[in-house]
Amino acid sequence: MGFSVGVVGKPNVGKSTFFSAATLAHVAIANYPFTTIKPNRGMGYVRTPCVCKEFDVKDEPANSACVDGTRLVPVELVDCAGLVPGAWQGRGLGNQFLDEIRQADALIHIVDAAGATDIEGKPCDPGSHDPRDDVRFLEKELDMWLLQIVKKDWEKTVKRIEGIKEELALVLEERLSGLGVRRMHVLIALERAGIDPGRPSRWSEDQLLTFLHEMRSITKPMLVAANKIDMPTAKGNLEALNSLGYPVIPCCAEAELALRRTAEKGITDYQPGESNFKVTRPALSPEQLAALEKIREKILIPWGSTGVQAAIDHAFFKMLRMISVYPVENPENLTDHKGRVLPDVYLVPFGTTAKQFAGMIHSDLGEGFLYGVEVRSKMRIGEDHVLKDRDVISIVSAKKRG
Ligand SMILES: Nc1nc2c(ncn2[C@@H]2O[C@H](COP(=O)(O)OP(=O)(O)O)[C@@H](O)[C@H]2O)c(=O)[nH]1
Ligand SMILES: [Mg+2]
């Protein structure tokens, strides 16, 4: 639980606009888990087709919302400090930036696809800056930062591996646990870098860097939100951005913010992620109407959506491989102990077992786990049963929850 995605990038690319739009929830989600949080942390949500339609019930969501059969599940987003060259050496807000990245499980890299800001984020002639440089620059900053951390006691690390014959994967897991590095990540990165894990003393600095580059791309998966697609110079840069090996999602954060604001005020009927909206209140000036029509014609029709919601959904479902699971107490009428129908949905990592899931709902439920019921098939499931996306699960436990 508690996965978060960092919104990162150099200054002036639209990080705060993206973050404001994403965290401006137009539907009330009653008891979301992030009540006291820092100003640059906020709640956005992911969208998933709700199971209410399939089970043909009217649901009463509690920890999430259901709008026309789409479940909106709260997730945490972080508006990270702007990245400046030399952040890894502590330049600018470098330390704050890296600390925020350290805590994030995945990154949405906002890039000015229009090339209207230079490498430091200062405005320049649209089209004159190559946005691919921004991606390479972020990679370099993160890799150099990792290198610096690892090099601090590299001698000692080498001794542990070659002297005491400890496993490199175990040593680095221990050293870098604060960065979310697991043994498996180290092993995969070693394999990809093609270097000898038994003899780190023989690695060149380049090899060490290659290894850390691979490890970073596993522990901090990243997508590129190609922002400012409303600008004429953006379209031509998309193909180039696509060649860098990251998922690229065309995006117009400004349009999403405008649409969510009008929806909040009841001026439009707009659901984030949708390809259209309706003006519901006619009392708009011709200028306001024209601005909204422009968003429809220049963004929603040609691109399918503003890309903001798509980027968040992609980060949680495709990069972090989360699945949505609905716990219910009563498998017959899909209610909880208060009689609410399908009240909650949990986002959990793919691979979560029935017993782990029980423990996420309540520690007692996990400790006293007897068996579960997969409601769709009415089959009993054991503690090691691996859950699937959109499962509805009832847990039977020897301990009643609190
Ligand atoms: N044309 C255009 N401008 C945008 C878009 N998103 C943000 N901006 C503008 O870019 C500037 C910087 O935005 P901001 O969100 O403060 O960037 P940050 O420094 O990365 O947080 C502001 O003038 C925004 O209005 C967009 O999708 N299209
Ligand atoms: Mg900002």
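Whatever order the structure lists them in is the order used to number ligands and atoms, beginning at 1.
- Looking at atom 1 (N) of ligand 1, its nearest protein heavy atom turns out to be D230 OD2, 2.8 Å.
- Comment: R160 engages E174 in a salt bridge, judged by a side-chain N to carboxylate O separation of less than 4.0 angstrom.
- For the residue pair H109 and D134, no side-chain donor N or O sits within less than 3.5 Å of a side-chain acceptor on the partner.
- A donor-acceptor contact under 3.5 angstrom links the side chains of R71 and S64, judged on distance only.
- Listed by number with element, the atoms of ligand 1 under 4.0 angstrom from any heavy atom of N12 are 12 (C), 17 (O), 18 (P), 19 (O), 20 (O).
- Within the 4.5 Å cutoff, side-chain heavy atoms of L300 are placed close to those of F277.
- D206 and S204 share no donor-acceptor pair across their side chains, judged by distance under 3.5 Å alone.
- Remark: ligand 1 atoms within the under-4.0 Å shell around heavy atoms of P11 are 19 (O).
- The shortest contact between atom 9 (C) of ligand 1 and any protein heavy atom is with E254 OE2, 3.6 Å.
- Residue G9 places every heavy atom at 4.0 Å or more from ligand 1.
- Under the 4.0 Å criterion applied to side-chain N and carboxylate O atoms, R132 and D130 are assigned as salt-bridge partners.
- Taking each of E256, M231, K228, K15 in turn, the one with a heavy atom nearest to atom 20 (O) of ligand 1 proves to be K15.
- T117 and N12 are not linked by any side-chain donor-acceptor pair at a separation below 3.5 angstrom, with hydrogens and angles left out of the test.
- Evaluated by nearest non-hydrogen atom to atom 7 (C) of ligand 1, the leading choice among T17, V308, V8 is T17.
- In this structure, the protein non-hydrogen atom closest to atom 16 (O) of ligand 1 is S16 CB, 4.2 Å.
- From the protein, the heavy atom lying nearest to atom 17 (O) of ligand 1 is G14 N, 3.0 Å.
- Listed by number with element, the atoms of ligand 1 under 4.0 Å from a non-hydrogen atom of A253 are 6 (N), 27 (O).
- Between the side chains of S16 and D79, at least one donor-acceptor pair of N or O atoms lies under 3.5 Å.
- In this structure, atom 22 (C) of ligand 1 has no protein heavy-atom contact shorter than 4.0 Å.
- Ring geometry for W203 versus W154: interplanar angle of 30 to 60°, hence tilted.
- In summary, N12 places no N/O/S atom under 2.8 Å from the Mg ion (ligand 2), failing the contact criterion.
- Distance from atom 6 (N) of ligand 1 to its nearest protein heavy atom, with residue and atom name: N227 ND2, 3.2 Å.
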